[in-house]
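Computed over heavy atoms, backbone and side chain alike; hydrogens, waters and symmetry mates excluded. We count ligands from 1, going down the list as the structure has it; atoms in each ligand are counted the same way.
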Amino acid sequence: MADNTVPQAQSPPLANDRAAEIKTLALQLGFDVVGITSARSPQHAAWFTQWLAQGFHAGLAYMERRQAERVDPQRVLPGARSVVVVGMNYYSGDPVGPGRVARYAQGQLDYHDVLAPRLATLAARICAWGAEARWYVDTGPVLERDFAERAGVGFIGKHTNLISRRYGNWLVLGAVLTTLDLPADPPARNLCGRCTRCLEACPTGAIVAPFQLDARRCISFWTIEWRGRIPEEWRIAIGDRLFGCDDCLEVCPWNRFAQHAAAAEFRPRALPALTEMLTWDDRQFREFFQHTPIFRLKRGPFLRNVCIVLGNCGDSAALPALERALHDPDPLVREHAEWAITQVRTRRPKLHSEKPP
Ligand code: SF4
Ligand code: SF4
């Protein structure tokens, strides 16, 4: 979790001037959008509690851990009055396959590391006015998307991600909670209308209803969050997705406003061939992926994904590499390599996902 507290300093001056200064600084720091909202409970707090109760979070421990704080910012920062929400555009052109990687993970650096120093600078400026501030990137006990919608940064679409009218579906978010009382921006309103493209595009039916995502059915969960064996009924649905899935984001009509990211850290870099990565040991994996989101998955689960994609591609040229992987020190890799070999030998290519039962 990326969070930090900066100690209190002097007394706060005029709220409007402070808000304007914070926004100017945020843009100077390279954030593409910034908005401010009050620190009252997120509007979807009850929905979030119900979502957890239904098990839609797929048992993700970090979601469960600080549940009370997520629905009550006062538990995160007593006396919090405002939340400054920032977004950074990470759109980086069209992905290439096979072996598709979610756009946010195609760059050189993990977005947590891109946002963190900038958020720390923003929080330090606020603290210099005598207020307290705590900043978060994504995994802290803060429902950034809710605050982002209320701060006018974008609206939450039916796929449950944030959509910006200026950047489409491609923003990463950060938030600064502060005891400073700042004027709130008008909230964004939902602009999905009658569109249902994301629900129809989801290859696994994970968007079980508008605004309801069942992570247990989501390819991003299985290929990014889940570290163990992937049940066989999900492997074919994964298709050629090596790390994550952007299908529900890609089809959203609001992407017509997408712009290429200004931040160089988000420029995509080419991956070696899947069969080459399958030969990597821990050191080679670390050298290539350190500082990227893929590094957090670790070598074994990543090579598990490589095996699944090779199995689904069905190219017999991958057989020698897969056969070598049968002797991998990690049993997770061995088991998925064995499955992939069977797929290549016995089945037609599965580049297009098939919905699991
Ligand atoms: S990320 Fe992929 S699997 Fe998950 S909800 Fe979106 S389209 Fe469905
Ligand atoms: S694809 Fe359509 S329904 Fe889904 S989030 Fe975008 S606008 Fe909303």
Side-chain angles (χ1 to χ4, degrees), residues 44 47-48 51 54-60 63 87 89-91 94-95 97-106 111 138 144-146 148-149 153-173 187-226 230-258 293-294 297 305 308-309 312 350-357:
H44 297 117
W47 171 89
F48 176 70
W51 183 75
Q54 286 172 303
F56 282 171
H57 63 304
L60 286 172
M63 285 283 185
N89 170 31
Y90 66 89
Y91 179 74
D94 288 327
R100 279 187 281 161
V101 172
R103 285 183 195 280
Y104 85 89
Q106 291 176 6
Y111 68 89
D138 192 33
E144 278 104 341
R145 268 179 245 175
D146 270 35
E149 187 173 68
V153 167
F155 66 92
I156 298 173
K158 289 177 187 173
H159 52 23
T160 74
N161 275 292
L162 195 85
I163 300 172
S164 156
R165 295 180 69 163
R166 281 168 52 200
Y167 297 101
N169 285 247
W170 316 112
L171 284 182
V172 279
L173 299 173
R189 65 187 177 87
N190 181 273
L191 295 171
C192 285
R194 298 168 73 171
C195 174
T196 53
R197 280 197 211 176
C198 54
L199 283 92
E200 287 146 22
C202 176
T204 54
I207 309 170
V208 292
F211 312 106
Q212 274 203 57
L213 190 137
D214 184 348
R216 296 168 298 191
R217 299 190 67 85
C218 178
I219 290 170
S220 290
F221 165 76
W222 288 112
T223 58
I224 298 175
E225 308 284 355
W226 182 250
I230 294 185
E232 293 204 12
E233 64 267 30
W234 293 101
R235 295 184 190 174
I236 289 174
I238 286 170
D240 64 343
R241 297 173 192 81
L242 185 58
F243 185 84
C245 167
D246 279 341
D247 289 23
C248 54
L249 306 182
E250 296 281 0
V251 296
C252 180
W254 288 96
N255 289 337
R256 63 184 180 274
F257 299 112
I294 293 177
L297 182 61
N305 294 356
I308 290 175
V309 172
N312 286 334
K350 297 283 183 192
L351 277 178
H352 302 290
S353 302
E354 288 179 4
K355 214 172 241 187

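- Between the side chain of Asn312 and the backbone N or O of Arg235 there is at least one donor-acceptor pair closer than 3.5 Å.
- A donor-acceptor pair under 3.5 Å is absent between the side-chain atoms of Arg217 and the main chain of Asp214, judged by distance alone.
- By the 6.0 Å contact criterion, CZ on Arg256 is enclosed, its count of non-hydrogen atoms from other residues, nucleotides or ligands being greater than 12.
- Remark: side-chain polar atoms of Lys158 are not paired, donor with acceptor, to backbone N or O of Ala209 under 3.5 angstrom.
- Listing protein N, O or S atoms at distances below 2.8 Å from atom 2 (Fe) of ligand 2, with waters left out, gives Cys195 SG.
- Close approach of ligand 2 to Ile163 is summarised as follows: ligand atoms under 4.0 Å from at least one heavy atom of the residue are 5 (S), 6 (Fe).
- Residues Tyr104 and Tyr111 place their aromatic rings such that the two centres sit under 6.0 Å apart.
- Between the side chain of Asn190 and the backbone N or O of Gly157, no donor-acceptor pair lies under 3.5 Å.
- Take atom 4 (Fe) of ligand 1 and draw a sphere of radius 2.8 Å; the protein N/O/S atoms inside it number 1.
- The shortest non-hydrogen separation linking Cys198 to Cys248 is CB-O, 3.6 Å.
- Using a distance-only test at 3.5 Å, with no hydrogens or angles considered, a donor-acceptor pair links the side chain of Arg197 to the main chain of Val251.
- Looking at heavy atoms from C-beta onward, Ile219 lies in side-chain contact with Pro203 at the 4.5 angstrom threshold.
- Side chain of Glu149 to backbone of Ile156: a donor-acceptor contact under 3.5 angstrom is found.
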